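Working notes, structure below.
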Amino acid sequence: MQFMLLFSRQGKLRLQKWYVPLSDKEKKKITRELVQTVLARKPKMCSFLEWRDLKIVYKRYASLYFCCAIEDQDNELITLEIIHRYVELLDKYFGSVCELDIIFNFEKAYFILDEFLLGGEVQETSKKNVLKAIEQADLLQESKHLEGQTTLRWGK
Amino acid sequence: APVIAAYRRPRERRPAEARARPGADATAIMPAVSKGDGMRGLAVFISDIRNCKSKEAEIKRINKELANIRSKFKGDKALDGYSKKKYVCKLLFIFLLGHDIDFGHMEAVNLLSSNKYTEKQIGYLFISVLVNSNSELIRLINNAIKNDLASRNPTFMCLALHCIANVGSREMGEAFAADIPRILVAGDSMDSVKQSAALCLLRLYKASPDLVPMGEWTARVVHLLNDQHMGVVTAAVSLITCLCKKNPDDFKTCVSLAVSRLSRIVSSASTDLQDYTYYFVPAPWLSVKLLRLLQCYPPPEDAAVKGRLVECLETVLNKAQEPPKSKKVQHSNAKNAILFETISLIIHYDSEPNLLVRACNQLGQFLQHRETNLRYLALESMCTLASSEFSHEAVKTHIDTVINALKTERDVSVRQRAADLLYAMCDRSNAKQIVSEMLRYLETADYAIREEIVLKVAILAEKYAVDYSWYVDTILNLIRIAGDYVSEEVWYRVLQIVTNRDDVQGYAAKTVFEALQAPACHENMVKVGGYILGEFGNLIAGDPRSSPPVQFSLLHSKFHLCSVATRALLLSTYIKFINLFPETKATIQGVLRAGSQLRNADVELQQRAVEYLTLSSVASTDVLATVLEEMPPFPERESSILAKLKRKKGPGAGSALDDSRRDPSSHDINGGVEPTPSTVSTPSPSADLLGLRAAPPPAAPPAPSGAGNLLVDVFSDSPAAQPGLGPSPEEAFLRFVCRNNGVLFENQLLQIGVKSEFRQNLGRMYLFYGNKTSVQFQNFSPTVVHPGDLQTHILSAWPSPAPPGLPVDGGAQVQQVLNIECLRDFLTPPLLSVRFRYGGAPQSLTLKLPVTINKFFQPTEMAAQDFFQRWKQLSLPQQEAQKIFKANHPMDAEVTKAKLLGFGSALLDNVDPNPENFVGAGIIQTKALQVGCLLRLEPNAQAQMYRLTLRTSKEPVSRHLCELLAQQF
């Protein structure tokens, strides 16, 4: 996989993950172009399209579009399920995830993604294992949390 | 599907976004759930940004925050870790919104050495997203990573590995590429560390393969395929798949391991693999990856392994027929992902007719599936099946479904796949049907794909034409329906074919004449019509309805509406008419003489009018007839249209056509237009097609309407200039030994062409750099390098200082001149090193400049007697070099002669008593000395061998010339 983008129906970018080296300018250009292309597509259209020399696989969940760019030899259907598994991971972690969770906890969305995909390849497909890694980290920080901080915290 | 529906559930418990108002209590506007450690300040800031009513307000709020963070970072009070983390996180958020961040890197690096996990984690995230090439920082970052890798704390190690994998820079590769294989195969590494290490290494290898040396660890990596932990296997397969592509032998044991792993997964029950089962499908990601890995190798040789694999593939095909275990789309997607990958492997092997036909039938079922995604993929996958001789016929049985898809699919990307498949399944038996369906589709086709459809129709019509009248009809229909999308290549091609085939010329003239009757016809039609009537109008002149004056006035009625290029072409048609039909001479001279022509503001038109008018007045009928004679047939070469389609689609696009093995008859019937490897050439659309170059000076060459195609033009005389991806740099270099012009290098981005000339010990080389992309190359800087002490032997330099780091626009070409001087004899060529940035990524390549010692050859004629005398004088053993070698090319005396002449020596007839042999002589001119050279080449047609003997006055030169020349036959 070359990159993954999450954006809203209004075209706001919510998460971007690049697995190939590109300049910031090029990233912005690609993002603009793809957001436009994908948003212009109608609901019943197929989830794949050719774009430059890549294949785009995308799917909409509620207000968010998940969009992956894969190479010619890559498998479209399994990419669609990569997206779904990522949504499941977010859902399990946040408890019924919505766009707001990803906006306010964007760093968590990146951490979860890193446990699941690394260097553009699937690293761990087990939901349990991925979430175990993330929750361990949360625990680590809860137990050692800083003295004197009075952040409001909501239990899980 | 239910799962998705669940995500769309109304969310009562979530505070409505509308509640977030400026000034409201901060706690109220944060999301109800904040996981882990909530950073309250961050949440407030994000809320504020979301509440900004305008872009300006957002920028204002951001600037305020940046100022605040800057002052905190600069302040006297040391920040605690939490604050530092919070501010770094805010900066990251601002960056991800699309704003530039130019500070905070140091604070992020400080976080890396925190022993609090979340602080470290945020530090790493910031570094991963905002890498900075500041070398001081890189050193600090690498230091922190090094510490974490050595910490033996698996969570810290994973964070560090993730960071390396996310950044993937060369600097990191240099620092860690040697350590990571060790971590990957260490017995005591935790599973999660192994997983991250495998993919981290993969990323580094992709970025800089030279930094990852294969070694003892490779064998142990292969054995990770046997690991108990499915996650480790999943990560390792990706790494192995990438590594084995460049080192297939080092990894070939992975085939049997992958087969047995796959077999265990495929045969496991749907719940055996617990958390690795996905919607009742066991380990779909791993299965797909294993099938991908197997596609890097040919079918297993070991019968037992192969048997087991075939069993797996059959099981997958069988399972596709079983009722689904779940109605969820995830179940069917995962299952079908494996199925499609299995089919890809079957196609890759292309050796099991039974499996290929089963695959085809399975895809046939999908063609009518209610899921658009499956229809799309089935069309795509069938395209590759169509090129296998075993399944081509099976694919053809679905023609009606595919045509229907082209007509009825609502999604353009699916229709495009259908068009691709029709193109791939086309052969002589169904060409007429497919071409007519594609033509019909063209009338309503989306603009984005019209040009491609036009090219495809043009190629199929040419390739499968049995009678050429059908071909002519088809192309004229193309122009009628989609004239704007008919590129030059297409209408040039129809002219080439009509010119080369006299059986179709009369029909073509009649048909274009009729087509031109239409009140509004496309300008491309006028061009084709003008050219064809100018050449073959006489064939229909007997019919009073198309008598010469009628033909002329029909063409001239379009003249004023046309562009300059077309008008220039029509003027050439008119002068040809004067020759064909003397009765039109007065009328046409009147037209040429008119002020609107003779004083036309366009130089080209003016010049043509003046010259044609003079030509028609001063030349005798005989001279006129010679000058304006019918065009000779065009040399056969690859269809320029096919080349264009390949350029559009990348290599392999024309495969369905190149692949003539299933249709051997096509060579006989359409042999004249068949591409053959030896005559492949870059098309030359503007050089000779419109033909007036054959005429003597009065006729100016036509204005090339495709003036952008300069590069193509330059190489039109070079049969080796291949379109698409050319030969390897080494092959290209060798081709230059016997020739001075051609394409030196070509890849997806860049084409480098060379034109050169040599005289005595001097040479001049023109280098043409063509940017094939639509994106600008930055800092384009070519340099010449003389390794070692080569500079004392040969000098190659830009005449004036080469402008460093030019931008080269997309589609543009830049030219450079190189002056060369040969000082003494030399063996290795200078190097051309080209560096530039493409889309931000640095590109570099180094090529051998095609300057070899033989370029400085001066041919010497001599009589047999002199030759033998000199031959004897050079009889010291070290003066002679000899090679006996097998012919790599067909042994053709004419080609051999051309090559020897191109090599630079004179060819001496009547010297060798055996007329089959070739004898040559010449002097190599260098500044310091001259080297006399004699050569003899003895072909042995029966054995398909040659013996080549070189004698020169300088020993290394004999050997070197002998080696260079031996590689040419």
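Numbered from 1 within each chain, the chains take letters A, B, ... in sequence-line order. Remember, predicted model here, so these are calculated numbers, not experimental data.
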Specify whether A/Phe116 and B/Trp285 have parallel, tilted or perpendicular ring planes, treating 30° as the upper limit for parallel and 60° as the lower limit for perpendicular. perpendicular
Below 30° counts as parallel, above 60° as perpendicular, anything between as tilted: where do the rings of A/His84 and B/Tyr278 land?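 Ring orientation of A/His84 relative to B/Tyr278: perpendicular.
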Within the distance-only criterion (no hydrogens, no angle test), does the side chain of A/Gln123 pair as donor or acceptor with the backbone N or O of B/Ser196 below 3.5 angstrom? yes
Does B/Asn333 reach the main-chain N or O of A/Glu81 with its side chain, forming a donor-acceptor pair under 3.5 Å?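 Side chain of B/Asn333 to backbone of A/Glu81: no pair is present.
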Going by atom type alone, with no hydrogens or angles, which donor-acceptor pairs under 3.5 Å involve a side-chain atom of residues 229-237 of chain B and a protein atom two or more places apart or on another chain?
unit_1	atom_1	unit_2	atom_2	d
B/His229	ND1	B/Gly231	N	3.0
B/His229	ND1	B/Val232	N	3.1
B/Thr234	OG1	B/Met230	O	2.7

Value rounded to 0.5 Å, distance of [atom1] in [X] from [atom2] in [Y]:
| X | Y | atom1 | atom2 | result |
| --- | --- | --- | --- | --- |
| B/Ile338 | A/Ile78 | CD1 | CD1 | 6.5 Å |
| A/Ile103 | B/Ile49 | CD1 | CD1 | 12.0 Å |
| A/Thr125 | B/Leu273 | OG1 | CG | 9.5 Å |
| B/Leu96 | A/Phe106 | CG | CZ | 6.0 Å |
| A/Glu107 | B/Thr118 | CD | OG1 | 9.5 Å |
| B/Ser413 | A/Ile56 | OG | CD1 | 11.5 Å |

Could you check whether B/Tyr276 and A/Glu124, counting side-chain N and O atoms only, form a donor-acceptor pair closer than 3.5 Å? yes
With no hydrogens and no angle check, do the side chains of A/Asn129 and B/Asp275 hold a donor and an acceptor under 3.5 Å apart? no
Contacting region of [X] [heavy-atom separation from chain A under 4.5 Å]:
| X | answer |
| --- | --- |
| B/Phe95 | side chain |
| B/Leu374 | side chain |
| B/Leu202 | side chain |
| B/Tyr124 | neither |

Select one option (side chain, backbone, both, neither) describing which atoms of [X] are under 4.5 Å from chain B's heavy atoms.
| X | answer |
| --- | --- |
| A/Lys127 | both |
| A/Ile134 | neither |
| A/Phe48 | both |
| A/Glu121 | both |
| A/Asp53 | neither |
| A/Lys132 | neither |
| A/Leu80 | side chain |

Top contributor to chain A interface from [options] [non-hydrogen pairs under 4.5 Å]:
| options | answer |
| --- | --- |
| B/Ile164, B/Leu161, B/Asn166, B/Leu239 | B/Asn166 |
| B/Glu341, B/Gln274, B/Lys206, B/Arg375 | B/Glu341 |
| B/Glu409, B/Arg292, B/Glu371 | B/Arg292 |
| B/Phe340, B/Phe45, B/Phe93 | B/Phe93 |
| B/Arg410, B/Gln195, B/Arg837, B/Glu380 | B/Gln195 |
| B/Leu199, B/Thr372, B/Leu92 | B/Leu199 |

Check whether more than 12 heavy atoms from other residues, nucleotides or ligands sit under 6.0 Å from atom NZ of A/Lys27, and answer yes or no. yes
Considering heavy atoms only, which positions within residues 29-47 of chain A lie below 4.5 Å of chain B?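 Against chain B, the residues of residues 29-47 of chain A that fall inside the cut-off (heavy atoms, under 4.5 Å) are A/Arg41, A/Lys44, A/Met45, A/Cys46, A/Ser47.
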Would a 4.5 Å heavy-atom cut-off, applied to side chains only, mark B/Ser128 and A/Tyr110 as touching?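 No, too far: nothing below the 4.5 Å cut-off.
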Considering only NZ, NE, NH1 and NH2 on the basic side and carboxylate oxygens on the acidic side, decide whether A/Glu50 and B/Arg417 come within less than 4.0 Å.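 Looking at B/Arg417 together with A/Glu50, the answer is yes, because their closest N to O distance falls below 4.0 Å.
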Walk me through it: do A/Leu118 and B/His162 pass the test side-chain contact (heavy atoms from CB on, under 4.5 Å)? CA-CA 7 Å; A/Leu118 193 60; B/His162 291 180; 3.7 Å; yes
Quick one, A/Leu100 with B/Arg50, criterion side-chain contact (heavy atoms from CB on, under 4.5 Å). Give me CA distance, side-chain angles, the key distance, then yes/no. CA-CA 11 Å; A/Leu100 276 178; B/Arg50 288 175 53 72; 3.6 Å; yes
Quick one, B/Gln330 with A/Arg85, criterion side-chain contact (heavy atoms from CB on, under 4.5 Å). Give me CA distance, side-chain angles, the key distance, then yes/no. CA-CA 9 Å; B/Gln330 284 73 29; A/Arg85 169 75 6 143; over 6 Å; no
Non-hydrogen atoms of B/Arg203 and A/Trp18 that approach each other most closely: NH1-O, 4.3 Å
